[in-house]
Structures are given as C-alpha cells and as structure tokens.
2 protein chains.
Amino acid sequence: MTATDAQRGPVTTEPTPPTSPVASELLAAPVAGTFSRSRALRPTGKVLPEHARTHNRALVLQTLYSAGPQSRADVARETGLTRVTISDLVAALIAEGLVIELGQREDARPGKPATLIDVDRGAFHIIGVDLSEHEVFRGAVVGLDGQIIERDEIARDAATGEAAVLLVDRLVERLLARTSTPVLGIGIGSPGVVDPLGVVRSAPNLGWSDVALQERLAERFALPVHVANDANVGVLAEHGSSHHDDLLLIKIGHGVGAGLIIGGRPVVGGGFAAGEIGHVVVGTDGGPRCACGKAGCLETWLAVPRLTARLAAAGAQGEAAASARDDILREAGRRLGIVLAPVVGALNLSEVVLSGPAELLDGPLHEATVDTLRKRTMAEFNRDLRLRMSEQAEDIVLRGAAVMVLSGQLGVS
Amino acid sequence: MTATDAQRGPVTTEPTPPTSPVASELLAAPVAGTFSRSRALRPTGKVLPEHARTHNRALVLQTLYSAGPQSRADVARETGLTRVTISDLVAALIAEGLVIELGQREDARPGKPATLIDVDRGAFHIIGVDLSEHEVFRGAVVGLDGQIIERDEIARDAATGEAAVLLVDRLVERLLARTSTPVLGIGIGSPGVVDPLGVVRSAPNLGWSDVALQERLAERFALPVHVANDANVGVLAEHGSSHHDDLLLIKIGHGVGAGLIIGGRPVVGGGFAAGEIGHVVVGTDGGPRCACGKAGCLETWLAVPRLTARLAAAGAQGEAAASARDDILREAGRRLGIVLAPVVGALNLSEVVLSGPAELLDGPLHEATVDTLRKRTMAEFNRDLRLRMSEQAEDIVLRGAAVMVLSGQLGVS
DNA sequence: CACGTTTGTTAGTAAACCTTACGAACAAAC
DNA sequence: GTTTGTTCGTAAGGTTTACTAACAAACGTG
C-alpha cells in the first residue's frame, strides 16, 4: 500500500466489494439504500453465503454507527447474531481500520468488564459536493458522523458544459487538499436527471447532457464516486433524522424538485427522473407562464426567484403590503398542497419535509400547505402525516452526499 | 400426514418457513413481493446461510415457473448457480412435491440427453376471493399458472359486519369443496384499509373495522391466508403481464382505488392506506358533492355509479346525446389525468393501468387521460409513459389474489 | 468407431454461522 | 476473605451451503 492509498482510500482496496452486483443490492440495499436501480422480479440473482457475510458485516457497522460505543456482546444482542460471530466480524472490521477498541467500560456492573468498540469515526472523511445552487458550487469535507469539517466553494460564473465539469474537478481537488485523513469517497448532488451509473443525463442549467461525472471523477481521483440528483441526495440527509421509512422531500430553490424514499429505499423512477415535479401543472385555473412553455407549473408558484420577485412587488412597508406578502406566500403554499395531495394520498405518506429559505417557507406558506393537504385528502388515512421544515438547512445536499457515500461504501446510514 | 393435509396443504407443512421474518423479507421480497411491510434502515435483521438457501430455492422455482420445462443445467446457467447446487435444490423441491421430472428432452443435440423438470403446475390450487364488488362476493379456484378453474359467487345482499365475514367463510368453504387438489393457500382482495397482518382496519362499505380476516380464516381452514386491499391485489395480477418494475393500477368500480408497485415492490404506505386516492380533490374549480363531505373528490368524477348515472341523464338517442356522453367521459378522463399528473411526475412512472368497465374507460376517457397527462407533466421525463387498459378484465382481483399466495408461499410470481 | 459435447452425480473443500464449553474478571452476599 | 452468580470474549467442534474437480453416461459427428 502506498502512502497515497493510505491517505486517500480505506485500508482495504474495496471496503464492500460486491461479488455480484445484484446480490449486493439484495443484501445491502435494505440497510443502505443507494440510488442503484433496485432490480426486482424477473432477473434476481443468486445469493451466496459470502453475501450474507457482507450483509452482516454492514449490519454490525450500522449498529455501531447509530448506537455508538458498546461491547461486542451488546452488538450480538442487538443484531441477533452470536457473540462468537460478532467477535469474528469485528475482528475483520478492526483489521480493515473501520472499527476501534476504546478500552474497558467504566460503569460498575457484575461480570467481566466489557471492551467497548465503535466505528472509528475519525478514520475517514468524505467529500460532499452540492451543484444545485445557481451561482456557486459548494463543497465540504464531511466527517463520518455528518459534521462539516471544512467548507469550500467556487463561483460558477454561469459556466456550463465542460467548463462546469472542470470547476467541479477543481473544487474536489481543493477539498481533498484540505484533509490529511483518508477519504472514503466523493458524493455529488447535481441538478437534473442522473442515472444510477452517475451519468448526468440532462441538466439544462449546467448545459449538461450525458456527462459521465462519476466515471470522470473516479478516474481522476482514484476514489469511489457517487452522483445523484440533488433532491434525491437531500432526502438521504433528511432520512437520517427521521424514523420513517417513507419520506418526501420538497426542495425549493432556483427550481423545485423532490426526493423520495419509500419503504426505506430511494425511488429513482423508470427514466431516473423521479422527483421532477417542478413542471407539473397545478390546479385547473391557469397560472403564470413557465419557461417550459406551459402555464401554472409548480415552479411558477414556488421557485424562490418567482416568490421573491412577487414579494418585492407587493412592497415592503405598511400593513397592506404585509398582508399582500402573506397572501402571496399562502397562495404558494396552497399550490404546493394541491400538487402534494394526490402524491400523499397515493403513497399514504407519513412525512413530508420542506427544504429551502426558511424566511419564505416556514410561515404562511407552510401553514397553507398543511391546510390544503388536510382539505384535499382523506383525513382518516393521512391522520399522522407530518409536514415539517428540514433540519439540515443549507447543508442538506452536502450532508446527503456524505450519507450517500456512507451508504454506498459501508452500507451504513 | 393425514389425508386432509395431503388434500389441502402442500406436502411440507410450511413450504417457505421464514426462520426470521425480517431476513425472509430481505431475501424473498425482491423475488416475491407480498404486502408485508418492508422493514428498512434501522432494525434490519441478520442473514444466515440458510436464508440464502431459501432465496436460491425461490429463485429456482421462479426460473422454472416463468421459463417452463427445462433441464437442471439450463436452470444452472440461468441462475448462475452451479449444476451441483441446482441438483441439490431441485431434489429438495421434488421431495416437497413442488417440482416434477418430465422425462428426457426430445430434440436431437450432442451430449447426454437432458431430463426436463418443471414446477408441478397441477400440484396445487389456490383459492382467490374478490370482495370488492358491491353486490356480490366472487371467488375462484385458480391454477398455479393463474388460470381460473372453478368459479363461484355469493350474493352479498347488503350484508355487513359479522354477517359479511360469514359469507366469506361460506364462499371459501364452497370453493374448497370444488377441488380435490391440495390447496396452496387462500388469497383475498378486500376493499378498505388492510394491514400486513391481514386485519381489515376499515372497510366502510362492509361495515368492517379491525376485522382479523386472515387470522379467522387461517384458523378455520388450516391454510395459509393472505389478505390485502383489492387494488393492491389487482396490481399484482397486472405486474405479471408487465415487464416494468414500476406500475400504478387505477381500479374504477363502485369506488376508485389504486395499487402501486415501485421498484418491484408493492407499496403499503405508513398507515397501510396506500392507493386510497378516491377522496383526493381534483382541480381548483369545485365539483360534485361527495359522500365524504368534500366536493370534487376523484370518485365523484370517476366512480362507475356516478358515470353511468350521468351518461343516462345525457340520453341514449341522437347525435347530441352521443356528443354529450363523449364530453362526460372526456371530462372524467381529464379529471383522472389531473390527479395522476403529480403522481406520475413524482414517481417518474413508466406504466399506468386502468381497470374497470371497458365500455366506460376504453375510449374518450382513456384518450382524455393520456392527453391531460401529457399536457400537465414534463414530456421529456415521461416520454415512455404508457397508459393502458388492464388485460385481466373482471378477474383481476381473483388472479391477483392467486399471485399474492404464490408470492407469499413460494416466492414466485 | 473414436472423439467431442452435454448432463447429472459423486467427492472433497471452503466459508459462514451455530452450539457448547471455558477462562477471566467483576459484584454481591455471606 | 470466600463463595456465588454474572458477564465477556474466545476456542473447539459441528452443520449448512455452495463451490471446484472429476467422472460416467449418453448422445451426435466425422
């Protein structure tokens, strides 16, 4: 192993080498949940004992990751595996540098004192990149727990096509230079349609079509790279703080997009365009003209530039202006509720999360959305539906990108 | 084994005994896809080699089931497992009576002639029951290939509550008496909200709330019983003929419901009420009053009684009446499209299926739905969306119920 | 008829997890 | 201070699973 390897990659060449991609999905996906297309009925693959091992390895890692330092015996009880098997798996994980022993447990209990073990949370860093903002590409060095360690950003200056790719390149390079800890992988949230191989099929804002971002960066930096749509990445971050298996994230910024997790698994969609609801028409009474040619698209009601422009037009001073601003926000919320109602109804969602500028979303808009949803769906079925603001604020894509890498590389989230 | 067992049940006491329910889901669900709640992230279970075995067993069965008679070597090539392993698995399946040898292959090829094997398609029958119609409970004895062997029905006579349960009892009893072949299990599609344990949480039309249908019937008939919502059952039947992993079924009858498969897995929803879209409000221009208290619910536009009443009011004779009838159907289709647009957009669905009276649905209504969907979603993302009529006609729930049993008991569909 | 091909089985091996058993280390009770 | 019971981690041995290697049987082909 060279010094570069030691600095940049995990100890093993491949932390989770999927012998058969299909089987690895079967086993790892329910624990993790990357955006690889879940192959289903017809061509399902075989499962070998070694795949079971891979799954159990991830299970141990997940247990430690989410419950923190504990003894091998604790992990055994939690997972249902025997102490013997846990010892074996943990030994392998320690050899790989993913788990460390922390010494003996302090508290006074009968019996032999436990040796605490934990995921070595300082062992790796993750590079997260957010390409969803219009003016700037943001990136961060993220710790295994999701904490932001270093930030960096690079002005986009309306760069498109190859120039934009080079900016991403430069940003990642700068971020890598900022950490001396081995890097587990690079996670990128991009606008547009991204396929499971990390090819940006189409991102009009960036002038990208069929840009093999994952391949290019993986080659350039010799690290695992995961790329997905920004909203789909965002919902991963939100999923961490939520205990629901069904989750819809509405990401409102320059455009409007959604990320969706159903049954604990991210939804990608037949054409990899799941969540692209910005250009769904709302209501049956027309609406503002949209750049896409239609009228009354969700974006025309809800996109931040539209909202701010409309609020500015309503004026800043006086009671009448305040009331007008409230009406604007309320109407936007109502429109969102109208689009969400069929989705919430069809999927019987238990949680919807809003992400975007809190000063716009977290007030009359939020209230109106809740209100509209209640009025337009069957209350009996959707009684426990929660609509809440994101807890991740601005960093939702960065942290989601980290979660994506964590999922993809370690089967942990 | 008693004679009754031999006649009613599979040869083994439990064809697919899930040692750990969670692990069985992990392994069998992608192949099968029952309506058991897919447990996800946090409490994922261990996977033992024996679970891998269970999965591979189902894989062999699935291969034989869908590709028909073939040699062990063929199955080995298809699944990626070795001939040795396949021989072993097949031996077990033959011992269980699920697979039979058909003699040597006829065609002339070099090498030792192959012994053909196949699922013993005559080994079991399945009881399918459809409780979704308003006036009658329908049932059938269904073959493993989904063919209807015997039919029966029982007039509901507005029975509700316990009386309705007893009718189901009687219907199943009569169906069981009609076959002397061992029965693999009983599948039931019920209106309302059904939880994964087969408890009908709420079915207003039948006056049911928290009726433990699965438990009662399983006890009464000593057979595996699977119960789910009628539309959710229906989509299973449709999934067989479709090669898509994402599928939405809209079932239009006395009410309007939907069944949804995403990533090859049925969607149940947080409150087990996924697909309950009948009372989602359509559009922003009001609409007919609904029994639920709201106005403009999807059902008020689309439910068969409403449609037929409106068509009758338009008159039967003359060109003007025909045009008015067309308008009514077109408006209904448009309303359906309005509700579907956000769902299709959010999930990037590739296939939507309509089930119900073809004379109402398969014409102007269908056209208007397609048209509306196209006008209200982003064409670029949903280019390959197909909206088609069901191929199952009236038997969709019966056959879906059979698929559900097949899935649940054998991991096959 | 020799040869290559294909099938299905036998025998042995490797991996994974289990059960059983044990030593070490501790608290609590006597 | 000793005994008792508990808990932890490990060792040894067994079972299950699927693999590789090898082979006999049965067939077409040249």
Assess whether side chain to side chain contact (heavy atoms under 4.5 Å, CB included) is satisfied between A:L184 and A:L144, documenting all intermediate values. CA-CA 9 Å; A:L184 188 62; A:L144 289 190; 4.2 Å; yes
Taking only residues two or more places apart in sequence or in another chain, which ones pass salt bridge (charged side-chain N to carboxylate O under 4.0 Å, His left out) with [X]?
X      : result
B:E101 : B:R72
A:R399 : none
A:E219 : none
A:R105 : A:D74

Heavy-atom side-chain proximity of B:L98 to B:R57 below 4.5 angstrom: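 With C-beta onward as the side chain, the pair touches.
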In residues 70-78 of chain B, what residues come within less than 4.0 Å of DNA chain C, judged by heavy atoms? B:S71, B:R72, B:A73, B:R77
Residues in side chain to side chain contact (heavy atoms under 4.5 Å, CB included) with [X], at least two apart?
X      : value
A:D145 : A:Y65, A:R121, A:Q147
B:A123 : B:D120
B:A401 : B:V233

Want to settle it: does B:P113 or A:T115 sit nearer the 5' end of DNA chain D, counting the closest nucleotide to each?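 Looking at the nearest nucleotide for each, A:T115 comes out on the 5' side.
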Mind jotting down which residue pairs meet the salt bridge (charged side-chain N to carboxylate O under 4.0 Å, His left out) criterion with at least one end in residues 400-413 of chain B? Sequence neighbours excluded, please.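 Of all non-adjacent pairs touching residues 400-413 of chain B, none passes salt bridge (charged side-chain N to carboxylate O under 4.0 Å, His left out).
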Would you give a per-nucleotide map of nucleotides 12-23 of chain C, 5' to 3', where B means the base has a protein non-hydrogen atom under 4.0 Å away, S means only the sugar-phosphate does, and - means neither? ----SSSBB--B
Give a yes/no answer on whether the side chain of B:S87 brings an N or O atom under 4.0 Å of OP1 or OP2 in C:dG8. no
Please name the nucleotide paired to D:dT15 by Watson-Crick or G-U wobble geometry with both distances under 3.5 Å, or report none. C:dA16
Chain B on DNA chain D: first and last contacting nucleotide, 5' to 3', under 4.0 Å to a heavy atom? D:dT17 to D:dG28
Rounded to whole angstroms, how far apart are CZ on B:R105 and C1' on C:dG8?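 Nearest whole value for this atom pair: 13 Å.
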For A:S87, all residues meeting side-chain hydrogen bond (donor to acceptor under 3.5 Å, both in side chains), sequence neighbours excluded: none
If you assign B:G111 and B:L116 each to the DNA chain C nucleotide with the nearest heavy atom, which residue ends up on the more 5' nucleotide? B:G111
